[in-house]
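Taking it in order: structure first as structure tokens, then the write-up.
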Amino acid sequence: MVTLVTGATGTTGRRVVAALEADGVTVRRASRSASGFDWADPTTHDAAFDGADALYLMAPVGEADPLPVVGPVLRRALERGLRRVVLLSSSLIEPSSTGYGGLATLVREAPEWTVLRPSWFAQNFTGDHAVAAGVRAGRVVTATGRGRVPFVDADDIAAVAAVAVQGGAPGEQLITGPAALSYDEACDVAAEVVGHPVEHLSVSFGEFVDHQVAAGLPRPMAEVLAGLDELIAASAEDRITDVVERVTGRPPRPLDTVLRAALA
Ligand SMILES: NC(=O)c1ccc[n+]([C@@H]2O[C@H](COP(=O)([O-])OP(=O)(O)OC[C@H]3O[C@@H](n4cnc5c(N)ncnc54)[C@H](OP(=O)(O)O)[C@@H]3O)[C@@H](O)[C@H]2O)c1
């Protein structure tokens with residue numbers, strides 16, 4: 001059995017690799033830096049996908065609609081014996097929506113499939129993410145208003161993914177942390193950990209799109225992210241599930257624990 005992990009150097013992918021290897025699973029890593037695999041270069045696809053039985057699928061980052069790039073590769077791999085596909089999607093992306101939703105629909109054609117729908121990552125407050133840059137600068141900009149988000153630890157997402165890749169968590173899995181917090185509250189948590197004030201500034205949809213385009217994001221992707229913020233503002237993400245505990249046997253880590261471990 002060979003398990004292909006795409007995005008193998010990323011926030012979730014490297015944790016999925018570690019969790020699978022700890023379980024004794026044979027992992028093939030795919031990313032530009034890990035193996036030369038590039039979604040944008042079809043000549044690199046067969047070497048990654050040939051002979052893979054199971055797949056952790058992380059679609060190209062920054063593509064508002066990954067289906068045109070990922071669809072042909074995935075269809076071909078399914079024709080050639082790929083059996084189980086675990087897609088990293090997002091909590092607010094419904095299978096019926098365009099873009100990522102289209103990819104989730106295709107994944108359901110695999111003999112065995114899981115669609116992981118995690119909420120927003122606690123790790124957005126650390127590392128390279130725009131929110132983390134905002135924490136360092138003392139001001140996080142969103143269009144989420146007072147909407148709440150059940151921030152979830154990427155280690156917990158990877159733990160669920162590793163079980164799913166081994167066939168133990170089929171179907172849709174809506175993955176959340178243990179508590180839903182507004183960005184005002186989350187910024188207070190971050191401020192306490194980093195030891196300086198962190199303000200949350202909530203702006204309009206249009207202002208947030210412009211803010212992200214100015215930071216270097218392509219406009220279609222900025223519009224997707226601003227749309228998700230609007231849904232958060234309308235309370236669509238104010239929910240928690242028991243998926244982490246049910247699938248992994250241990251409770252999800254709260255935001256302050258994750259931030260203390262990473263930032264303090
Ligand atoms: N952040 C959140 O709050 C959140 C919440 C829910 C869902 N999500 C979803 O999570 C996904 C991001 O996952 P992540 O944080 O694990 O990713 P990430 O940390 O951004 O890592 C991206 C990975 O993809 C690889 N990669 C980038 N471009 C590539 C290309 N052209 N060809 C092949 N590989 C490429 C990178 O490695 P190389 O550079 O070596 O190629 C890296 O391993 C997004 O799809 C997002 O929708 C995020």
Exercise. Side chains of Q173 and T114: do they bring a donor and an acceptor to under 3.5 Å?
Worked result: no
For this session: Tell me, please, which residues at least two apart from D242 pass salt bridge (charged side-chain N to carboxylate O under 4.0 Å, His left out).
Result: R246
For this session: Check whether more than 12 heavy atoms from other residues, nucleotides or ligands sit under 6.0 Å from atom CG of D128, and answer yes or no.
Result: no
For this session: Would you mind telling me which of V140, V193, T126 makes a side chain to side chain contact (heavy atoms under 4.5 Å, CB included) with V135?
Result: V140
Exercise. Any side-chain heavy atom of T241 within less than 4.5 Å of one from I175?
Worked result: no
For this session: Please collect all side chain to side chain donor-acceptor pair (under 3.5 Å) contacts where either partner lies in residues 129-139, sequence neighbours excluded, each pair once.
Result: none
Exercise. Out of curiosity, does L174 fall in the hydrophobic cluster containing V244 (side-chain heavy atoms, cut-off under 4.5 Å, transitive links)?
Worked result: no
Problem set entry | hydrophobic_cluster_shared for I240 and L231, side chain cutoff 4.5 Å | no
Problem set entry | Partners meeting side-chain hydrogen bond (donor to acceptor under 3.5 Å, both in side chains) with T144 (sequence neighbours left out) | T142
For this session: Take the angle between the ring planes of F37 and F49 and call it parallel below 30°, perpendicular above 60°, tilted in between.
Result: tilted
Exercise. So, E192 side chain and V189 main chain: donor-acceptor pair closer than 3.5 Å or not?
Worked result: no
Problem set entry | Residue pair Y56 / T12, side-chain heavy-atom distance below 4.5 Å | yes
For this session: State, to 0.1 Å, how close A8 and R29 come at their nearest heavy-atom pair, and which atoms those are.
Result: CB-CB, 3.6 Å
Problem set entry | Any donor-acceptor N/O pair, S204 side chain to E207 backbone, under 3.5 Å | yes
Problem set entry | Side-chain ion pair, R32 and D41, N-O less than 4.0 Å | no
For this session: Hydrophobic side-chain clustering at under 4.5 Å (ILVMFWY, transitive links): who's grouped with V258? Put none if nobody.
Result: none
Problem set entry | V141: hydrophobic cluster co-members (side-chain, 4.5 Å) | L201, V203, F208
For this session: Sequence neighbours left out, what passes salt bridge (charged side-chain N to carboxylate O under 4.0 Å, His left out) with R14? Give chain and number order.
Result: none
Problem set entry | Nearest heavy atoms of E237 and P150, plus distance in Å | O-CD, 3.0 Å
Exercise. Do R80 and D50 meet the salt-bridge criterion of a basic N to acidic O distance under 4.0 Å?
Worked result: yes
